[in-house]
Amino acid sequence: MFAHLLAIAVTTLVLVWLLHFRGGLAFESANKGKILNMHALLMAVGFIVFAGEAIMAYKSVPAKRKVQKAFHVTLHLIALVAGVVGVYTAFKFKHEVEEKDMTSLHSWLGMITICLFGLQWLLGFFSFVFPGAEMSARSSYRPWHVFGGLAIFFLAISAAQTGLLETSIFLDLGLSQEGLIVNFTGLLLFVFAVGVGLSSVLPRGHY
């Protein structure tokens with residue numbers, strides 16, 4: 001599937017950017033930029049890519065419905081954990097460089113996204129997995145669950161785009177090699193989001 005190739009491409013670009021141009025990754029380092037790099041990796045790959053793959057699981061996993069559901073729930077849980085740790089690394093970076101938190105549109109969108117994502121996961125788990133709602137309640141909630149999931153996913157994409165834009169402007173990257181990688185990462189994230197959206201609304205084999 002094309003969207004899976006885009007996920008690989010996004011992951012590759014993010015790793016090249018952070019490891020080659022930004023000096024690497026670390027939770028603890030004298031180079032505080034490495035901590036911020038962990039935030040970028042966890043949110044772009046750990047959160048967005050895994051969340052996108054989770055949304056597509058019902059169409060892309062060639063297995064029975066229960067197995068697809070297990071993939072859907074597990075991948076979303078991985079995304080949630082990565083997102084929470086990613087938010088923590090952002091706060092950690094701000095604290096260690098003594099800057100104020102939650103001052104930008106990027107930080108607002110990111111915090112709203114992770115809170116809504118956690119709520120969506122809990123509602124979905126208790127409605128569809130354990131203990132599970134009545135069938136009539138499931139049927140009524142399912143369209144809202146799908147709509148809410150897509151809305152939150154695109155909100156995550158918006159947060160990532162504002163983060164990439166902030167970084168590009170702050171570092172004055174312009175059309176340098178690093179700037180082009182950042183720009184193409186943003187473009188691929190958008191196309192990946194379109195692919196994920198199409199997978200949720202089109203029948204299997206039509207995307």
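Nothing here was measured: the structure is a model prediction, and the numbers come from that model.
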Quick check: closest heavy atoms across L173 and G179, and the distance to 0.1 Å? CB-CA, 3.6 Å
Any link between L41 and I35 through a network of hydrophobic side chains (Ile, Leu, Val, Met, Phe, Trp, Tyr) touching at under 4.5 Å? no
Side-chain heavy atoms nearer than 4.5 Å, only ILVMFWY residues, links allowed to pass through others: does that put L150 and I112 together? yes
Any side-chain heavy atom of V73 within less than 4.5 Å of one from W121? yes
Linking I/L/V/M/F/W/Y whenever their side-chain heavy atoms sit closer than 4.5 Å, directly or via other members, would I55 and L202 fall into one cluster? yes
Taking atom SG of C115 and atom CD1 of I152, what is their separation to the nearest 0.5 Å? 10.5 Å
Which pair of heavy atoms, one from A156 and one from I48, lies closest together, and at what distance? O-CD1, 3.7 Å
Interatomic distance, R22 atom CZ to N31 atom CG [nearest 0.5 angstrom]: 9.0 Å
Give me the atom names and distance for the closest heavy-atom approach of G110 to A159. N-CB, 3.9 Å
For S127, what residues pass the side chain to side chain donor-acceptor pair (under 3.5 Å) criterion, not counting sequence neighbours? none
In terms of heavy-atom contacts, A44 and V14 come closest through CB-CG2, 4.1 Å
Any chain of hydrophobic side-chain contacts (each under 4.5 Å) joining F2 to I8? no
Tell me if a side-chain donor or acceptor on N37 pairs with a main-chain N or O of L25 at a distance below 3.5 Å. no
Above 12 or not: heavy atoms from other molecules or residues under 6.0 Å from CZ of F71? no
S140: which residues meet the side-chain contact (heavy atoms from CB on, under 4.5 Å) condition with it, sequence neighbours left out? none
Check: Q161 side chain, G186 main-chain N or O, donor-acceptor pair, under 3.5 Å: yes
Partners of F21 by side-chain contact (heavy atoms from CB on, under 4.5 Å), sequence neighbours excluded? V16, W17, Q177, E178, I181
List in chain and number order the residues that pass side chain to side chain donor-acceptor pair (under 3.5 Å) with H4, two or more places apart in sequence or in another chain; answer none if no residue qualifies. E53
Under the side-chain contact (heavy atoms from CB on, under 4.5 Å) test, residues paired with L119 that sit two or more places apart: L123
In the structure I gave you, are the side-chain heavy atoms of L15 and T11 within less than 4.5 Å of one another anywhere? yes
Pairwise distance CD(E166) to CG(L171) - rounded to 0.5 angstrom: 11.0 Å
Under the salt bridge (Lys or Arg N to Asp or Glu O under 4.0 Å) test, which residues partner E134, sequence neighbours left out? none
Cluster partners of L165, using ILVMFWY side-chain heavy atoms under 4.5 angstrom, listed by chain and number? I169
Nearest 0.5 Å, please: how far is CE in M102 from OG in S107? 4.5 Å
L105 meets the side-chain contact (heavy atoms from CB on, under 4.5 Å) criterion, sequence neighbours left out, with L109, T162
Using the side chain to side chain contact (heavy atoms under 4.5 Å, CB included) rule, take H72 and L75 through it: C-alpha gap first, then chi angles, then the decisive distance, then the call. CA-CA 6 Å; H72 179 76; L75 290 174; over 6 Å; no
Full working for side chain to side chain contact (heavy atoms under 4.5 Å, CB included) between M111 and F91: CA-CA 11 Å; M111 185 58 70; F91 279 107; 3.4 Å; yes
Output every pair passing ring pair (Phe, Tyr, Trp, His ring centres under 6.0 Å) with a member in residues 150-197, not counting sequence neighbours, ordered by first then second residue. none
My understanding is that only residues two or more places apart in sequence, or in another chain, count here; which of them pass salt bridge (Lys or Arg N to Asp or Glu O under 4.0 Å) with E99? K94
Heavy atoms of G124 and Y141 approach each other most closely as N-OH, 4.2 Å
Do M43 and L19 belong together in a cluster built from hydrophobic side chains that touch within less than 4.5 Å? yes
Kindly say whether G197 contributes a backbone atom to a donor-acceptor pair with the side chain of S200 at under 3.5 angstrom? yes
With rounding to the nearest 0.5 angstrom, report the CZ to CG distance, F93 to L36. 4.5 Å
Under 3.5 Å, side chain of Q120 to main-chain N/O of H145, donor-acceptor pair present? yes
Sorted by first residue and then second, give each salt bridge (charged side-chain N to carboxylate O under 4.0 Å, His left out) pair with at least one member in residues 28-50; sequence neighbours left out. E28-K92, K32-E96
Main chain of L164, side chain of S168: is a donor-acceptor contact present, judged purely on distance under 3.5 Å? no
Gap between atom OG1 of T12 and atom CG of L188 - 0.5 Å precision: 10.0 Å
Inter- and intrachain pairs under ring pair (Phe, Tyr, Trp, His ring centres under 6.0 Å), touching residues 26-50, at least two apart: F47-F117
How close do L42 and A82 get, counting heavy atoms only, and between which atoms? CB-O, 3.7 Å
